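Presented below is the structure to which this report refers.
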Amino acid sequence: RIRRALRDELVSKAAPEAAVAALLEGLTASRLVVLCTSGREAPAAELVHPVLAQQWPRLREWIEADREFLRWRELLNAYRADWEKSKRDPGGLLSGAQLEAAEAWRGARGADLNALELDFIDRGQAHVRAARTRRRAAVALVVVCILALASSWWAQQQAVEQLRLKVENAISLVAEGDAFSAARDYPAAIDRYTRAIDGYPEPELVYARRGQAYAAGRSNAIEISRG
(Lines give C-alpha, C1' and ligand atoms only; values in the text may rest on other atoms or scores of the structure.)
Protein backbone atom coordinates (compact mmCIF):
# COMPACT_ATOMS: atom_id res chain seq x y z
CA ARG A 1 0.00 0.00 0.00
CA ILE A 2 1.38 3.37 -1.03
CA ARG A 3 0.80 6.19 1.44
CA ARG A 4 1.80 9.77 1.92
CA ALA A 5 5.03 10.10 3.91
CA LEU A 6 5.94 13.09 6.04
CA ARG A 7 9.26 14.58 5.08
CA ASP A 8 10.62 14.00 8.59
CA GLU A 9 9.80 10.31 8.24
CA LEU A 10 12.18 10.03 5.29
CA VAL A 11 15.17 11.36 7.22
CA SER A 12 17.38 8.74 8.83
CA LYS A 13 21.05 8.03 9.52
CA ALA A 14 21.31 6.41 6.11
CA ALA A 15 19.40 9.26 4.45
CA PRO A 16 20.38 12.63 6.00
CA GLU A 17 18.08 15.62 5.66
CA ALA A 18 20.16 17.20 2.89
CA ALA A 19 20.10 14.01 0.83
CA VAL A 20 16.35 13.65 1.30
CA ALA A 21 15.80 17.27 0.25
CA ALA A 22 17.90 16.80 -2.91
CA LEU A 23 16.09 13.56 -3.78
CA LEU A 24 12.66 15.08 -3.33
CA GLU A 25 13.66 18.09 -5.39
CA GLY A 26 14.71 15.82 -8.24
CA LEU A 27 11.56 13.66 -8.00
CA THR A 28 9.24 16.66 -7.91
CA ALA A 29 11.06 18.21 -10.89
CA SER A 30 10.48 14.95 -12.78
CA ARG A 31 6.80 15.06 -11.73
CA LEU A 32 7.03 11.70 -10.06
CA VAL A 33 6.42 12.98 -6.53
CA VAL A 34 4.42 15.92 -5.24
CA LEU A 35 5.05 17.77 -1.99
CA CYS A 36 2.05 18.96 -0.03
CA THR A 37 0.99 20.14 3.41
CA SER A 38 -2.16 19.50 5.36
CA GLY A 39 -3.09 21.84 8.18
CA ARG A 40 -0.28 22.03 10.68
CA GLU A 41 1.47 18.89 9.46
CA ALA A 42 5.03 19.00 8.19
CA PRO A 43 5.51 18.80 4.40
CA ALA A 44 4.62 15.35 3.04
CA ALA A 45 5.63 13.56 -0.14
CA GLU A 46 3.47 11.24 -2.21
CA LEU A 47 3.49 9.75 -5.68
CA VAL A 48 1.74 11.84 -8.29
CA HIS A 49 -0.39 8.80 -9.07
CA PRO A 50 -0.53 5.34 -7.38
CA VAL A 51 -0.19 3.64 -10.77
CA LEU A 52 3.46 4.75 -10.83
CA ALA A 53 4.18 2.09 -8.23
CA GLN A 54 3.33 -0.52 -10.88
CA GLN A 55 4.88 1.21 -13.90
CA TRP A 56 8.16 2.25 -12.26
CA PRO A 57 10.38 -0.87 -12.49
CA ARG A 58 13.16 0.43 -10.26
CA LEU A 59 10.67 1.34 -7.54
CA ARG A 60 9.10 -2.11 -7.74
CA GLU A 61 12.56 -3.68 -7.35
CA TRP A 62 13.28 -1.59 -4.28
CA ILE A 63 9.93 -2.45 -2.72
CA GLU A 64 10.33 -6.17 -3.45
CA ALA A 65 13.86 -6.26 -2.02
CA ASP A 66 12.72 -4.59 1.20
CA ARG A 67 9.19 -6.02 1.34
CA GLU A 68 9.54 -7.64 4.78
CA PHE A 69 11.24 -4.61 6.31
CA LEU A 70 8.72 -2.22 4.73
CA ARG A 71 5.78 -4.26 6.03
CA TRP A 72 7.19 -4.23 9.54
CA ARG A 73 7.97 -0.51 9.29
CA GLU A 74 4.40 0.21 8.17
CA LEU A 75 3.14 -1.75 11.18
CA LEU A 76 5.54 0.14 13.46
CA ASN A 77 4.21 3.48 12.28
CA ALA A 78 0.63 2.25 12.71
CA TYR A 79 1.43 1.42 16.34
CA ARG A 80 3.07 4.82 16.76
CA ALA A 81 0.07 6.61 15.22
CA ASP A 82 -2.30 4.80 17.61
CA TRP A 83 -0.05 5.75 20.51
CA GLU A 84 -0.13 9.41 19.46
CA LYS A 85 -3.94 9.27 19.14
CA SER A 86 -4.18 7.88 22.68
CA LYS A 87 -2.32 10.97 23.92
CA ARG A 88 0.80 8.89 24.39
CA ASP A 89 -0.73 6.41 26.80
CA PRO A 90 2.13 4.15 28.00
CA GLY A 91 -0.13 1.18 27.31
CA GLY A 92 0.26 1.91 23.60
CA LEU A 93 4.03 1.52 23.62
CA LEU A 94 5.75 -1.52 22.18
CA SER A 95 6.16 -4.53 24.45
CA GLY A 96 6.55 -8.29 24.27
CA ALA A 97 6.93 -9.75 20.78
CA GLN A 98 6.34 -6.34 19.17
CA LEU A 99 9.28 -4.83 21.04
CA GLU A 100 11.48 -7.86 20.36
CA ALA A 101 10.79 -7.53 16.62
CA ALA A 102 11.53 -3.80 16.76
CA GLU A 103 14.81 -4.40 18.57
CA ALA A 104 15.80 -7.00 15.97
CA TRP A 105 14.99 -4.69 13.04
CA ARG A 106 16.74 -1.82 14.75
CA GLY A 107 19.86 -3.94 15.06
CA ALA A 108 19.68 -4.89 11.39
CA ARG A 109 18.33 -1.72 9.79
CA GLY A 110 18.64 0.97 12.43
CA ALA A 111 20.30 3.35 9.98
CA ASP A 112 17.14 3.27 7.82
CA LEU A 113 14.80 4.25 10.67
CA ASN A 114 13.88 7.88 11.24
CA ALA A 115 14.06 9.76 14.52
CA LEU A 116 10.35 9.32 15.28
CA GLU A 117 10.56 5.56 14.85
CA LEU A 118 13.72 5.26 16.91
CA ASP A 119 12.20 7.39 19.67
CA PHE A 120 9.09 5.19 19.72
CA ILE A 121 11.23 2.07 20.12
CA ASP A 122 13.34 3.77 22.82
CA ARG A 123 10.23 4.69 24.78
CA GLY A 124 8.97 1.12 24.59
CA GLN A 125 12.28 -0.20 25.91
CA ALA A 126 12.30 2.34 28.74
CA HIS A 127 8.70 1.48 29.68
CA VAL A 128 9.49 -2.24 29.78
CA ARG A 129 12.61 -1.63 31.88
CA ALA A 130 10.61 0.52 34.31
CA ALA A 131 7.88 -2.14 34.56
CA ARG A 132 10.53 -4.80 35.18
CA THR A 133 12.09 -2.65 37.89
CA ARG A 134 8.69 -2.17 39.54
CA ARG A 135 8.05 -5.91 39.47
CA ARG A 136 11.43 -6.60 41.03
CA ALA A 137 10.78 -3.98 43.71
CA ALA A 138 7.37 -5.53 44.43
CA VAL A 139 8.89 -9.01 44.71
CA ALA A 140 11.62 -7.68 47.01
CA LEU A 141 8.99 -5.99 49.18
CA VAL A 142 6.99 -9.21 49.44
CA VAL A 143 10.14 -11.11 50.41
CA VAL A 144 10.96 -8.51 53.07
CA CYS A 145 7.41 -8.73 54.45
CA ILE A 146 7.58 -12.52 54.57
CA LEU A 147 10.94 -12.39 56.34
CA ALA A 148 9.59 -9.81 58.80
CA LEU A 149 6.55 -11.98 59.54
CA ALA A 150 8.74 -15.05 59.93
CA SER A 151 11.07 -13.14 62.25
CA SER A 152 8.11 -11.90 64.30
CA TRP A 153 6.65 -15.40 64.50
CA TRP A 154 10.02 -16.79 65.58
CA ALA A 155 10.38 -14.09 68.23
CA GLN A 156 6.88 -14.90 69.53
CA GLN A 157 7.70 -18.60 69.62
CA GLN A 158 10.89 -17.85 71.53
CA ALA A 159 8.99 -15.66 73.98
CA VAL A 160 6.37 -18.39 74.53
CA GLU A 161 9.11 -20.97 75.06
CA GLN A 162 10.91 -18.73 77.54
CA LEU A 163 7.65 -18.15 79.42
CA ARG A 164 6.97 -21.90 79.53
CA LEU A 165 10.42 -22.58 80.96
CA LYS A 166 9.97 -19.78 83.50
CA VAL A 167 6.65 -21.20 84.67
CA GLU A 168 8.05 -24.73 84.89
CA ASN A 169 11.00 -23.44 86.92
CA ALA A 170 8.66 -21.51 89.26
CA ILE A 171 6.49 -24.59 89.81
CA SER A 172 9.62 -26.60 90.61
CA LEU A 173 10.79 -23.93 93.07
CA VAL A 174 7.41 -23.93 94.86
CA ALA A 175 7.58 -27.73 95.12
CA GLU A 176 11.08 -27.40 96.62
CA GLY A 177 9.80 -24.71 98.97
CA ASP A 178 6.99 -26.99 100.15
CA ALA A 179 9.51 -29.78 100.74
CA PHE A 180 11.78 -27.50 102.77
CA SER A 181 8.79 -26.22 104.77
CA ALA A 182 7.80 -29.80 105.56
CA ALA A 183 11.38 -30.43 106.72
CA ARG A 184 11.17 -27.23 108.80
CA ASP A 185 14.03 -25.67 106.80
CA TYR A 186 12.21 -22.37 106.63
CA PRO A 187 15.05 -20.12 105.30
CA ALA A 188 15.49 -22.46 102.33
CA ALA A 189 11.71 -22.59 101.81
CA ILE A 190 11.48 -18.78 101.90
CA ASP A 191 14.30 -18.55 99.33
CA ARG A 192 12.50 -20.92 96.95
CA TYR A 193 9.17 -19.14 97.32
CA THR A 194 10.77 -15.73 96.72
CA ARG A 195 12.47 -16.95 93.53
CA ALA A 196 9.24 -18.54 92.30
CA ILE A 197 6.94 -15.49 92.71
CA ASP A 198 7.81 -13.82 89.37
CA GLY A 199 7.09 -16.86 87.21
CA TYR A 200 4.36 -18.73 89.07
CA PRO A 201 0.87 -18.59 87.43
CA GLU A 202 -0.75 -17.75 90.80
CA PRO A 203 1.74 -15.53 92.65
CA GLU A 204 -0.76 -14.88 95.48
CA LEU A 205 -0.46 -18.54 96.48
CA VAL A 206 3.31 -18.26 96.62
CA TYR A 207 3.07 -15.07 98.70
CA ALA A 208 0.81 -16.89 101.13
CA ARG A 209 3.13 -19.89 101.45
CA ARG A 210 6.11 -17.62 101.93
CA GLY A 211 4.22 -15.76 104.63
CA GLN A 212 3.45 -19.07 106.33
CA ALA A 213 7.11 -20.03 106.12
CA TYR A 214 8.09 -16.68 107.70
CA ALA A 215 5.59 -17.23 110.53
CA ALA A 216 6.64 -20.82 111.04
CA GLY A 217 10.28 -19.79 111.03
CA ARG A 218 9.69 -17.17 113.74
CA SER A 219 7.76 -19.66 115.88
CA ASN A 220 10.51 -22.21 115.44
CA ALA A 221 13.13 -19.63 116.42
CA ILE A 222 11.18 -18.74 119.57
CA GLU A 223 10.87 -22.39 120.56
CA ILE A 224 14.58 -22.90 120.09
CA SER A 225 15.42 -19.81 122.20
CA ARG A 226 13.18 -21.04 125.05
CA GLY A 227 14.59 -24.48 124.93
Side-chain angles (χ1 to χ4, degrees), residues 1-140:
R1 183 171 65 90
I2 305 299
R3 69 172 180 87
R4 174 183 297 181
L6 295 177
R7 184 168 176 171
D8 291 344
E9 294 178 335
L10 302 175
V11 177
S12 66
K13 186 176 181 180
E17 186 173 357
V20 170
L23 175 62
L24 291 177
E25 183 178 352
L27 292 175
T28 53
S30 301
R31 298 185 179 180
L32 296 174
V33 168
V34 62
L35 295 179
C36 56
T37 57
S38 177
R40 296 183 179 180
E41 288 186 358
E46 63 179 338
L47 291 176
V48 172
H49 198 284
V51 75
L52 282 174
Q54 303 299 324
Q55 297 180 352
W56 190 352
R58 179 61 64 84
L59 178 60
R60 289 204 310 271
E61 291 175 7
W62 290 339
I63 292 175
E64 189 60 34
D66 278 351
R67 185 173 296 278
E68 188 177 354
F69 172 65
L70 294 174
R71 283 178 177 173
W72 168 79
R73 194 175 185 185
E74 186 73 18
L75 186 61
L76 174 68
N77 281 288
Y79 290 143
R80 188 175 62 81
D82 290 341
W83 173 65
E84 292 286 2
K85 290 177 183 177
S86 69
K87 297 181 180 180
R88 299 195 170 192
D89 183 351
L93 292 170
L94 298 176
S95 62
Q98 298 171 356
L99 183 58
E100 290 178 6
E103 290 171 339
W105 277 116
R106 180 175 186 173
R109 301 288 298 272
D112 296 317
L113 298 176
N114 61 50
L116 296 174
E117 294 163 339
L118 292 173
D119 177 69
F120 186 55
I121 296 173
D122 286 341
R123 289 175 184 270
Q125 291 175 322
H127 183 64
V128 168
R129 284 196 298 269
R132 189 179 296 121
T133 299
R134 288 194 296 270
R135 284 196 299 271
R136 288 175 179 171
V139 170

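Just so you know, these numbers come straight off a predicted model, no measurement behind them.
- How far CD of Gln125 is from CG of Leu94: 9.0 Å, rounded to the nearest 0.5 Å.
- Separation of atoms CD (Gln98) and CG (Leu75) is listed at 7.0 Å; rounding is to 0.5 Å.
- Put simply, the side chain of Leu113 does not reach to within 4.5 Å of the side chain of Arg109, judged on heavy atoms.
- Summarising the geometry of Leu93 relative to Gly124, their closest heavy-atom pair is CB-CA, 4.1 Å, with the distance given to 0.1 Å.
- Listed by first and then second residue, the salt bridge (Lys or Arg N to Asp or Glu O under 4.0 Å) pairs involving residues 125-138 amount to none (not counting sequence neighbours).
- Looking at Leu76 and Arg106, their side chains never come closer than 4.5 Å, going by heavy atoms from C-beta outward.
- Of all non-hydrogen atoms in Leu118 and Gly110, the two that sit nearest each other are CD2-O, 4.3 Å.
- With contacts defined as side-chain heavy-atom distances shorter than 4.5 Å, the pair Asn114/Phe120 does not qualify.
- Among all heavy-atom pairs drawn from Trp83 and Asp89, the shortest one is CD1-O, 3.1 Å.
- Exactly one of Glu68, Glu117, Glu100, Arg73 qualifies for a side chain to side chain contact (heavy atoms under 4.5 Å, CB included) with Trp105. That residue is Glu68.
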